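As structure tokens, the structure follows; a few thoughts come after it.
Just so you know, ligand 1 is whichever comes first in the structure, and atom 1 is the first atom listed for that ligand. These numbers come from a predicted model, not from an experiment.
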Amino acid sequence: TVIQWFPGHMAKAKREVQEKLKLIDVAFELLDARVPMSSRNPMIDEILGQKPRLILLNKADMADEAVTEQWIRYFHDQGRLALPIDAQSGTGVRQIAAAAKEMVKDKFDKMRAKGIKNPRPVRALIVGIPNVGKSTLINRLAGRHIAKTGDKPGVTKAQQWIKVGKEMELLDTPGILWPKFEDEDVGYRLAVTGAIKDEILNLQDVAVYALRFLSDHYPERLMERYGLDSIPDDMVALFDAIGRRRGCLTAGGGIDYDKVADIVLYDIRTEKLGRLSFETPALWT
Ligand code: G4P
């Protein structure tokens, strides 16, 4: 779904999330493990305030494991727990309820101290930008298919609690927040990973961005995938080399750059170049 985020929509989305926060004990901040910063809402600290928060690095199945480890340490150093998960297959998802329970232990211990013998289940909310995997995770935690509300802030339906085991309940509608799209790198990283639809940015520009990044960080994978002996510094030369290898030719015999861009992005998104991360904590420290 393509969502238009206008200032009014953002303010409304923020209000809606803050309304939901009143109902819950812990927020699950869902990020894309391949681009944790770019898939993060820029106002998240302000929006969530002091609410206990568990960071979930989703799509970890597609991310570079070593880099995901770096991110977990990065968040840990900031005093936050982050868990790598794959909502699609369910890997890591079973750890979520236990971690959430641990996070609200003090609050629930206080309830018990006040004489409440059987405190209610821990209540949780998933928040994240579009396409980060919120619905997939809700369905995974619910163990069944929950209809997705329109991806528009302001589209409301009666909220319901989904039981996750005996000790956790999840709001069935996630909090949808916007990315930091005024940052050009953020836009490209979200486009490369497929979180932003291909109509929004120029496909060749996105592919150039991806190929530059791969040349710097994963040169061997690039050479192996496209049968290159070396990686040309010049991006046009790199497009030419990949295009020749893959037979992306125009009617006139030139290189079809759109086709090359398509192939490169398709290969990245379907893991033909292996597991890739497009951001490392080093960029923020
Ligand atoms: P949203 O509610 O936050 O907008 O995201 P949604 O769950 O719709 O997920 C967006 C896309 O990401 C979906 O793919 C979904 O399958 C995929 N996805 C979610 N979690 C994971 C994960 O942990 N690993 C991987 N590899 N993919 C994940 P889609 O192409 O839009 O749809 P489809 O492939 O499910 O048909």
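Salt bridge status for Lys107 with Asp25: present, with a side-chain N to carboxylate O gap under 4.0 Å. Taking a cutoff of 4.0 Å between a charged side-chain nitrogen and a carboxylate oxygen, Lys14 and Glu46 qualify as a salt bridge.
Contact atoms of ligand 1 toward Ala87: 20 (N), 22 (C), 23 (O) (distance under 4.0 Å to a heavy atom of the residue). Per-residue contacts place Val132 under 4.0 angstrom from the following atoms of ligand 1 (heavy atoms of the residue considered): 3 (O), 5 (O).
When the heavy atoms of Met62, Lys134, Lys59, Arg34 are ranked by distance to atom 21 (C) of ligand 1, first place goes to Lys59. Taking all heavy atoms of Pro84, Ser39, Ser135 into account, the minimum distance to atom 2 (O) of ligand 1 is reached by Ser135. Considering only non-hydrogen atoms, atom 10 (C) of ligand 1 lies nearest to Asn131 out of Asn131, Asp32, Thr270, Leu57. Taking all heavy atoms of Val93, Ile138, Thr193, Thr136 into account, the minimum distance to atom 19 (C) of ligand 1 is reached by Thr136.
Note on residues 67-77: pairs passing side chain to side chain donor-acceptor pair (under 3.5 Å), not counting sequence neighbours, are Tyr74-Gln78.
In this view, Arg94 satisfies the side-chain contact (heavy atoms from CB on, under 4.5 Å) rule with no residue, not counting sequence neighbours.
When heavy-atom distances to ligand 1 are checked against a 4.0 Å cut-off, Asp86 comes that close through both its backbone and its side chain.
By the 6.0 Å contact criterion, NZ on Lys51 is enclosed, its count of non-hydrogen atoms from other residues, nucleotides or ligands being greater than 12.
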Apply salt bridge (charged side-chain N to carboxylate O under 4.0 Å, His left out) to residues Arg112 and Asp109 and explain how you reach the verdict.
CA-CA 5 Å; Arg112 281 188 201 91; Asp109 280 348; 3.2 Å; yes

